[in-house]
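For clarity, every value in this text was computed on a predicted model and none was experimentally measured. Just follow the structure's listing: the first ligand is 1, and inside any ligand the first atom is 1.
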Amino acid sequence: MNHIWFASHNTHKIQELESLLNPMGWNIRGIGEAGLQDEIDETGLDLKENARIKAEFAFARLKETCISDDSGLEVDALNGRPGVHSARFAGQPPDSTKNINLLLDNMQGQVNRRAQLRTIICLMWANTAYFFEGSVAGQITLEPRGAGGFGYDPIFMPNGYHETFAEMPSELKNSMSHRARAVRQLIDFLKANKSKIILNSLK
Ligand code: IMP
């Protein structure tokens with residue numbers, strides 16, 4: 001099966017992407033499997049820059065087609081924060097429980113609880129970067145609910161649902177998530193360029 005390197009060490013994300021791309025015949029392999037264990041410095045000023053930094057890091061070392069993603073939670077009442085700082089909102093090392101607690105503290109008394117999760121995927125193919133974006137709109141709950149997913153899932157309730165991402169079956173989250181939407185665009189691109197793209201097993 002063709003594989004695409006994914007510049008991430010987050011096993012949740014690797015699994016999510018694998019479940020989305022595997023039915024298309026593409027196998028997603030984290031760069032850790034290729035011996036790249038380094039944490040990549042996310043020094044970009046926005047999601048797109050960070051996605052590019054991660055994909056270029058992997059491409060420079062593996063010289064094979066690879067993807068990366070950078071995601072963030074953008075809360076209206078906080079002027080789009082934590083955004084690009086979502087992973088380290090409550091400081092280093094990244095800690096989802098601390099991030100959630102800090103976010104809920106910042107949202108105390110806020111009536112406007114609108115937010116979106118947004119992802120940019122970067123595909124590095126033959127030395128060129130291609131970008132794909134997806135977002136999902138929702139509300140920040142008053143307290144954490146559910147044990148599934150990761151990151152801000154326990155406090156993110158997508159519009160039209162009464163469950164948070166952490167309360168839903170992963171299949172349901174994966175059918176509507178910001179990442180799923182960005183991946184759909186990536187899939188369209190991969191399909192449209194199938195004859196041209198050199199996927200890794202063909203090398
Ligand atoms: P990353 O840079 O793409 O790994 O994402 C940055 C941070 O955004 C993560 O550490 C999470 O806190 C948050 N995040 C990304 N994707 C999700 C998601 O699907 N659900 C909830 N939080 C997420």
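- Nearest non-hydrogen protein atom to atom 14 (N) of ligand 1 is F150 CE1, 4.1 Å.
- Nearest protein neighbour of atom 22 (N) of ligand 1, counting heavy atoms only, is Y152 N, 3.0 Å.
- Which parts of ligand 1 touch R179 is read off a 4.0 Å heavy-atom cut-off, strictly below it: atoms 16 (N), 17 (C), 18 (C), 19 (O).
- Between K173 and ligand 1, at least one pair of N/O atoms sits closer than 3.5 Å.
- Heavy atoms of E16 come nearer than 4.0 angstrom to ligand 1 in no pair at all.
- Shortest non-hydrogen contact noted between N99 and A87 is ND2-O, 3.0 Å.
- Close approach to E42 involves these atoms of ligand 1, each under 4.0 Å from a residue heavy atom: 2 (O).
- In this view, D70 and N50, K54 satisfy the side-chain hydrogen bond (donor to acceptor under 3.5 Å, both in side chains) rule, not counting sequence neighbours.
- Taking E39 as the reference, H9 meet the side chain to side chain contact (heavy atoms under 4.5 Å, CB included) condition, with sequence neighbours excluded.
- For atom 3 (O) of ligand 1, the closest non-hydrogen atom on the protein side is K13 NZ, 2.7 Å.
- Here is the list of ligand 1 atoms found below 4.0 Å of a heavy atom in S86: 7 (C), 8 (O).
- The side-chain tip of K13 does not point at the ring of F6 from less than 6.0 angstrom away and within 45° of straight on.
- A salt bridge links K173 with E16: the distance from a Lys NZ or Arg NE/NH1/NH2 to an Asp or Glu carboxylate oxygen falls below 4.0 Å.
- Put simply, no part of H12 is less than 4.0 Å from ligand 1, judged by heavy atoms.
- Residues R184 and F132 have side chains not in contact (no heavy-atom distance under 4.5 Å, counting atoms from C-beta outward).
- Between F189 and Y130, the angle of the ring planes lies from 30° to 60°, which puts this pair in the tilted group.
- At least one heavy atom of D153 sits under 4.0 Å from some atom of ligand 1.
- Residue contact check for ligand 1: D70 places a non-hydrogen atom closer than 4.0 Å to it.
- Note: H12 and F150 have parallel aromatic rings, judged against thresholds of 30 and 60 degrees for the angle between ring planes.
- The shortest heavy-atom distance from K54 to ligand 1 is under 4.0 Å.
- When hydrogens are left out, the protein atom nearest atom 11 (C) of ligand 1 is G151 CA, 3.9 Å; that is the closest non-hydrogen contact.
- Regarding atom 5 (O) of ligand 1, its nearest protein heavy-atom neighbour is S71 O, 3.3 Å.
- Counting non-hydrogen atoms of other residues, nucleotides and ligands closer than 6.0 Å to CZ of R114 gives a total of 12 or fewer.
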